[in-house]
Undergrad: 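Before I ask anything, here is the structure I am working with.
In this chain, residues are counted from 1 in sequence order. Counting convention: from 1, in listed order, for ligands and their atoms alike. Fair warning: this is a prediction, and the values are worked out from it, not measured in the lab.
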Amino acid sequence: MQGSAVFIATIAASAEIIHYPPAATNLNNLTFVLNGSGAPGIFNSSVTPNAIYGTYNWCNMPHVRQREYKTPPKNYTLQYVEVIQRHHKRTPYASNTFFKEDVTWSCDGSGAVFGGTSLQSQVLPVQWQAFTDAENPWTTTVGPGFVGSTCQFPQITGDGLQDSITHGSDLRTVYASRLGLHSNYDTSQAQIRVTNNVITSQVASGLLAGLFPHSNPQFAAVKIQSSNFDSLEPTYSCPTASNLRSQYTTGSAGQQWQAHLSGAAPLYAKLDAVSGIAPNDNGGWHTSFDHYYDNLSAKLCHQKKLPCSLNDTSLCITLDEANTVFRLGNWEYSYQFRDAPASAQYSALRYGAWVLELRSHLQAKVDGSSKLKYFHNVAHDGSMSPLLGFLQVDQMVWPGMGSEIVFELYSAKAEHFIRVLWGGQPMKTSTPLGVLDMIPLASFFSYTDTMIGSATDLFNGCNS
Ligand SMILES: *[C@@H]1O[C@H](CO)[C@@H](O)[C@H](O)[C@H]1NC(C)=O
Ligand SMILES: *[C@@H]1O[C@H](CO)[C@@H](O)[C@H](O)[C@H]1NC(C)=O
Ligand SMILES: *[C@@H]1O[C@H](CO)[C@@H](O)[C@H](O)[C@H]1NC(C)=O
Ligand SMILES: *[C@@H]1O[C@H](CO)[C@@H](O)[C@H](O)[C@H]1NC(C)=O
Ligand SMILES: *[C@@H]1O[C@H](CO)[C@@H](O)[C@H](O)[C@H]1NC(C)=O
Ligand SMILES: *[C@H]1O[C@H](CO)[C@@H](O)[C@H](O)[C@H]1NC(C)=O
């Protein structure tokens with residue numbers, strides 16, 4: 001898995017990307033992943049005991065909390081905080097190929113709500129409640145679990161909304177006093193941003209309740225970019241990035257990727273026997289472990305049983321098999337975003353636009369042209385992963401529900417420093433910046449500039 005050779009790539013004239021390989025651990029050791037045992041963390045509850053807080057918890061990843069927060073020496077003054085997080089726990093995604101479910105999901109009272117606008121007093125907010133009707137003949141193509149569920153797939157569950165509220169109030173206990181944040185959502189000092197996927201707005205509604213508990217009026221304006229070019233999800237077009245990733249997965253540089261799929265053939269046979277998914281499906285069940293991981297982990301996180309075959313109720317997925325799927329999923333993320341030599345270049349292209357926006361927020365604070373103190377982005381694993389790849393985190397995982405990266409801007413004397421928290425603690429990277437703990441802002445910018453070049457370089461690099 002490990003390559004010690006340094007891989008240098010250019011996306012354009014002024015960018016020079018150096019790939020620094022991650023640490024060798026069980027996460028990216030394919031022998032261990034295929035033939036080892038156990039889950040790579042907690043997968044069956046949102047609760048992580050205090051004594052081991054910081055442990056990977058797919059259901060509710062560690063984030064900044066008062067209990068574990070390390071306050072820097074007094075000579076550093078906190079100026080600005082920007083948070084990016086993955087949404088909280090949800091149902092699985094639906095797609096063209098339905099898992100023939102025998103497990104039902106209830107989202108009664110926790111569906112997405114729409115309608116609070118400037119006409120707020122005149123409209124009644126509405127809430128989604130999913131249903132099926134047997135009169136619709138396509139309903140028979142899905143399993144009884146789907147038919148009996150009242151969720152949209154995907155949807156943040158009631159438990160996921162509760163985790164969102166807790167996440168907001170944990171951040172409040174740390175940052176409200178340090179930054180002087182009001183107890184209501186005041187967009188002149190704090191802003192929230194979401195993506196076009198409605199589940200991020202569901203999470204924002206919980207987050208805001210915890211973060212700004214006295215918000216009034218009872219709706220909040222959150223920022224969103226067009227899905228034509230959103231940098232947060234991200235959805236902007238970058239053919240160079242897509243081609244690169246195809247090359248090192250399904251393409252000519254994808255030997256390791258192919259090896260993990262073929263090494264997992266016996267596991268796939270069992271999973272398919274239970275789910276009824278055809279081994280040659282074209283819904284993506286056999287090009288990565290994403291779909292099986294998503295289905296199995298969502299069930300465990302909500303204390304539901306692992307699925308059994310609808311044809312043979314004694315044929316069920318075992319916990320050992322689920323744990324192997326979880327090891328494989330984490331291996332896939334490590335490979336795609338950190339181990340593959342071109343992953344740094346991929347991440348720079350795929351997430352460079354968001355990093356440029358972050359850079360401008362930090363610069364505006366330093367210049368004094370922005371009064372903003374706090375900015376919070378609610379996003380996806382597809383956002384966190386290329387950002388972790390961009391920063392070249394030392395140990396890559398599949399960013400679980402609610403996973404969080406915090407950028408803290410400090411001033412001391414006439415200088416500015418940055419601290420980056422991952423899972424609530426300073427992030428260890430494989431780059432010469434090392435642990436991102438009070439790095440001179442200029443050094444951090446010099447790293448991001450080396451990765452991206454200019455905005456024009458990025459744009460041209462994506463389209464060259
Ligand atoms: C896992 O173990 C099997 C059986 O012992 C062996 O054939 C296979 O090569 C091992 N896989 C890896 C990736 O080491
Ligand atoms: C990978 O894991 C296997 C099985 O646990 C172990 O024998 C091997 O030493 C590990 N390789 C590395 C590079 O750590
Ligand atoms: C979660 O899994 C761990 C490890 O298998 C187990 O010890 C624990 O009891 C489980 N917790 C729940 C809530 O099922
Ligand atoms: C159940 O058996 C039928 C008939 O063989 C098959 O078409 C279907 O895919 C099976 N479903 C599952 C979930 O295995
Ligand atoms: C702040 O204080 C700490 C120790 O109290 C010291 O190590 C550090 O260099 C100081 N930083 C600046 C920028 O003065
Ligand atoms: C399970 O997850 C996969 C991938 O996200 C999806 O295609 C499938 O439809 C899911 N099952 C349900 C019931 O949503």
Side-chain angles (χ1 to χ4, degrees), residues 1-5 21-53 55-62 70-80 89 103 157-160 162-163 178 256 259-260 263-264 267 293 296-307 316-328 330-332 334-335 338-340 362 366 394-397 400-401 408-419 426 430 433-444:
M1 208 49 253
Q2 285 307 116
S4 55
T25 67
N26 282 344
L27 288 164
N28 53 7
N29 177 339
L30 191 54
T31 305
F32 180 81
V33 164
L34 287 171
N35 284 351
S37 65
I42 299 171
F43 284 77
N44 60 4
S45 165
S46 277
V47 180
T48 306
N50 280 342
I52 56 164
Y53 197 78
T55 302
Y56 182 95
N57 182 339
W58 169 260
C59 308
N60 189 11
M61 292 287 277
K70 294 195 180 76
T71 302
K74 287 210 163 32
N75 52 348
Y76 292 97
T77 308
L78 186 60
Q79 300 286 349
Y80 173 78
K89 72 186 183 186
V103 173
T157 56
D159 288 351
Q162 184 56 56
D163 290 344
R178 288 175 170 85
Q256 290 190 33
H260 98 283
L267 175 64
Y293 190 117
L296 301 179
S297 64
K299 286 173 181 113
L300 290 182
C301 282
H302 292 88
Q303 285 81 52
K304 295 180 186 297
K305 67 183 184 67
L306 290 169
C316 302
I317 292 174
T318 66
L319 189 56
D320 275 352
E321 286 159 351
N323 287 341
T324 304
V325 170
F326 302 150
R327 292 195 304 277
L328 281 159
N330 275 278
W331 181 91
E332 289 181 349
S334 187
Y335 175 78
R338 289 295 287 115
D339 295 282
L362 296 166
V366 170
D394 192 50
Q395 279 188 42
M396 182 67 191
V397 291
M401 303 299 164
E408 296 180 331
L409 177 69
Y410 289 90
S411 61
K413 300 196 187 120
E415 288 184 274
H416 288 88
F417 298 85
I418 192 153
R419 187 167 79 156
S430 310
L433 294 177
V435 179
L436 301 179
D437 192 2
M438 298 306 176
I439 302 293
L441 187 62
S443 308
F444 182 70

Undergrad: Would you call the rings of F326 and F43 parallel, tilted or perpendicular, where under 30° means parallel and over 60° means perpendicular?
TA: parallel
Undergrad: Mind telling me whether Y410 and Y76 have parallel, tilted or perpendicular rings, with 30° and 60° as the class edges?
TA: perpendicular
Undergrad: Which atoms form the tightest heavy-atom contact between D159 and K89, and what is the distance?
TA: CB-CE, 3.4 Å
Undergrad: Show which atoms of ligand 2 fall inside a sub-4.0 Å distance from at least one heavy-atom site of F32.
TA: 2 (O), 5 (O)
Undergrad: Yes or no, since that's all I need: does a protein heavy atom fall within a distance strictly under 4.0 Å of atom 5 (O) of ligand 3?
TA: no
Undergrad: For atom 14 (O) of ligand 5, which of the options E415, K413, H416, M438 provides the nearest non-hydrogen atom?
TA: K413
Undergrad: When you measure from atom 11 (N) of ligand 2 to the protein, is at least one non-hydrogen atom found at a distance under 4.0 Å?
TA: yes
Undergrad: Between the side chain of R327 and the main-chain N/O of G36, is any donor-acceptor distance below 3.5 Å?
TA: yes
Undergrad: N44 heavy atoms, cut-off 4.0 Å: which ligand 3 atoms fall inside?
TA: 1 (C), 2 (O), 3 (C), 8 (C), 10 (C), 11 (N), 12 (C), 14 (O)
Undergrad: Which of the atoms of ligand 2 are close to N29, meaning less than 4.0 Å from one of its heavy atoms?
TA: 1 (C), 2 (O), 3 (C), 8 (C), 10 (C), 11 (N), 12 (C), 14 (O)
Undergrad: Which heavy-atom pair separates T48 from N60 by the least distance, and what is that distance?
TA: OG1-O, 4.4 Å
Undergrad: Report yes if some N/O of T31 lies less than 3.5 Å from some N/O of ligand 2; otherwise report no.
TA: no
Undergrad: Return the minimal non-hydrogen interatomic distance between A412 and F417, and the atom names on each side.
TA: CB-CE1, 3.8 Å
Undergrad: Quick check on contacts: which atoms of ligand 5 are under 4.0 angstrom from a heavy atom of F417?
TA: 13 (C)
Undergrad: Using modelled atom types only, decide if a donor and an acceptor are shared between the side chain of Q395 and the backbone of P22 within a distance under 3.5 Å.
TA: no
Undergrad: Which of the numbered atoms in ligand 5 are under 4.0 angstrom from any heavy atom belonging to A412?
TA: 13 (C)
Undergrad: May I ask you to identify the nearest protein heavy atom to atom 2 (O) of ligand 5, giving residue, atom name and distance to one decimal place in Å?
TA: N75 ND2, 2.3 Å
Undergrad: Any idea which protein heavy atom is nearest atom 9 (O) of ligand 5, and the distance to it?
TA: Y76 OH, 4.4 Å
Undergrad: Taking the side chain from N28 and the backbone from A23, do they hold a donor-acceptor pair closer than 3.5 Å?
TA: yes
